[in-house]
There are 2 protein chains.
Amino acid sequence: MARAPAPGTRDTILTAAAGLFYEYGVRAVGMAQVVEVAGCGKNLLYKHFPSKAELAAAYLTLARRERERTIREALRWADGPADSLMALVTEIADSVTRPGYRGCPFRNYLTEFPGESDEPAMVALTFLADARAQLDALVTGIGGDALMADRIWLIINGLHTGPPAQAQVAVDWIKDMISSVRLTEAL
Amino acid sequence: MARAPAPGTRDTILTAAAGLFYEYGVRAVGMAQVVEVAGCGKNLLYKHFPSKAELAAAYLTLARRERERTIREALRWADGPADSLMALVTEIADSVTRPGYRGCPFRNYLTEFPGESDEPAMVALTFLADARAQLDALVTGIGGDALMADRIWLIINGLHTGPPAQAQVAVDWIKDMISSVRLTEAL
DNA sequence: GTCTATAGAAGGATAGAC
DNA sequence: GTCTATCCTTCTATAGAC
């Protein structure tokens, strides 16, 4: 009899690859390294991910799912768009201050592969566009205009790049912006 | 008599390498590619730059020199710290909207080689620290506090990451911030 | 002849892919 | 495990300027 395929192998490989890709960069990590950490054979790796680009795309897709889950939980307790916006920004600020933080995986990939339009690049670009759209919706929800959305997006981009020490500055700032909109509305 | 060494060879190689490194990324560009674009032999390349890391360090040092020259010119016509700060931010906004813009070379390198502490990484980190210090000095000069410097740094970081379309948003925003400080001072 | 330059192969390691 | 390709680096061979 043939050996039964191990369940969850794909996840094991993907988890190993995701950790390595995020910590050291996609280009810096070789498939052999992924195999070593995942503890499987090369053939099994290529069976589940026919190329490194597909593995990278799966890694970014996983990162997206995790991020969406985190944000969904953060928005769970929020009532109203103002609360949601604050929860969103707070979550981002928290994430960049976490120990292992090494930048935004999507922006990092696009920096590592500039001008690329392969599958992982599409995943990254799509995520960023969707995140921007989500922000726009929340800002519109609290009565903010396009300028406010642009500004908050600017801060979020800066948050992902700069030193984690400034996370609180960003959160407080956006909180002020939200409050001022509410005051304006109250007139 | 011996053949005279060609003058300006180092600059030719460095210019070629800088263009390639910036456009495609340091990791993506091979030494053979540099040689090809520079139009010289490998021997000469390794004579001037004994390793790729040294070539990358020279590339970042060149980028720093060019940036400092640009900023120095931008600050030439400015009188007073408020004008200087505006000129600085305007210059950055202009640079990110230029056609060939592909991100900040220093931040890009640090993303390509995360956790690295070799010579090019040091050049990049030193530049960013110095740029931050220069910003702090200008903000202090107009009577701004540490929070204002943090906020502007956040915007600048966002500027280097995000879409060029938001450059004008950033410039106008910082202009408003400067104006409000002046108003506060006038009280 | 002597030195520098280019072109290209070779070494050794490592990449992705099968 | 193996295959091919490419990486950085070194070395050899050849052409050209003095």
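Chain letters run A, B, ... following the sequence lines, proteins first and then strands; every chain starts at 1.
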Nearest whole angstrom, please: distance from the [atom2] of [N] to the [atom1] of [X].
X: Gln33(A); N: dG16(C); atom1: CD; atom2: C1'; result: 14 Å
X: Tyr46(B); N: dC7(D); atom1: OH; atom2: P; result: 11 Å
X: Phe49(A); N: dC18(C); atom1: CZ; atom2: P; result: 15 Å
X: Phe113(B); N: dC7(D); atom1: CZ; atom2: P; result: 14 Å
X: Met31(A); N: dT2(D); atom1: CE; atom2: P; result: 20 Å
X: Leu20(A); N: dG16(C); atom1: CG; atom2: P; result: 12 Å
X: Arg27(B); N: dC8(D); atom1: CZ; atom2: C1'; result: 13 Å
X: Glu36(A); N: dT14(C); atom1: CD; atom2: C1'; result: 13 Å

Closest-nucleotide ordering on DNA chain C, the 5'-leading residue of Ala28(A) and Ala6(B):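 The residue closer to the strand's 5' end, by nearest nucleotide, is Ala6(B).
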If we ignore hydrogens and angles and just use 3.5 Å, is the side chain of Tyr101(A) paired with the main-chain N or O of Ser95(A) as donor and acceptor?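 Answer holds: no.
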Base, sugar-phosphate alone, or nothing: which one does [X] contact when heavy atoms must sit under 4.0 Å apart?
X: Ser51(A); result: sugar-phosphate
X: Val29(A); result: sugar-phosphate
X: Gly41(A); result: nothing

Distance-only donor-acceptor test, Lys47(B) side-chain atoms vs dT4(C) base atoms, 3.5 Å: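 Counting by modelled atom types and ignoring angles, no donor-acceptor contact under 3.5 Å is found here.
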Less than 3.5 Å between a donor and an acceptor, one on the side chain of Asn43(B) and one on the base of dT12(D), is that the case here?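 Side chain to base: pair present.
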Close side-chain approach of Met86(B) to Val171(B), heavy-atom, < 4.5 Å: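 A side-chain contact under 4.5 Å exists here.
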Give a yes or no on whether a salt bridge exists between Glu68(A) and Arg64(A), defined as a side-chain N under 4.0 angstrom from a carboxylate O.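 Counted as a salt bridge, because a side-chain N and a carboxylate O are separated by less than 4.0 Å.
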Is it true that Arg98(B) and Glu91(B) make a salt bridge, defined as a side-chain N closer than 4.0 Å to a carboxylate O?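 Judged by the 4.0 Å cut-off on N to carboxylate O distance, Arg98(B) and Glu91(B) do form a salt bridge.
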Can you figure out which of dG8(C), dC8(D), dG1(D) approaches the side chain of Lys42(B) most closely?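 The answer is dG8(C), which lies nearest to the side chain.
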Which listed nucleotide (dC18(C), dC8(D), dA5(C)) is nearest to the side chain of Pro5(B)?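 Nearest listed nucleotide: dA5(C).
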Is it the case that Thr111(A) and Thr111(B) place a side-chain donor and acceptor less than 3.5 Å from each other?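 Judged by distance alone, the side chains do not pair up.
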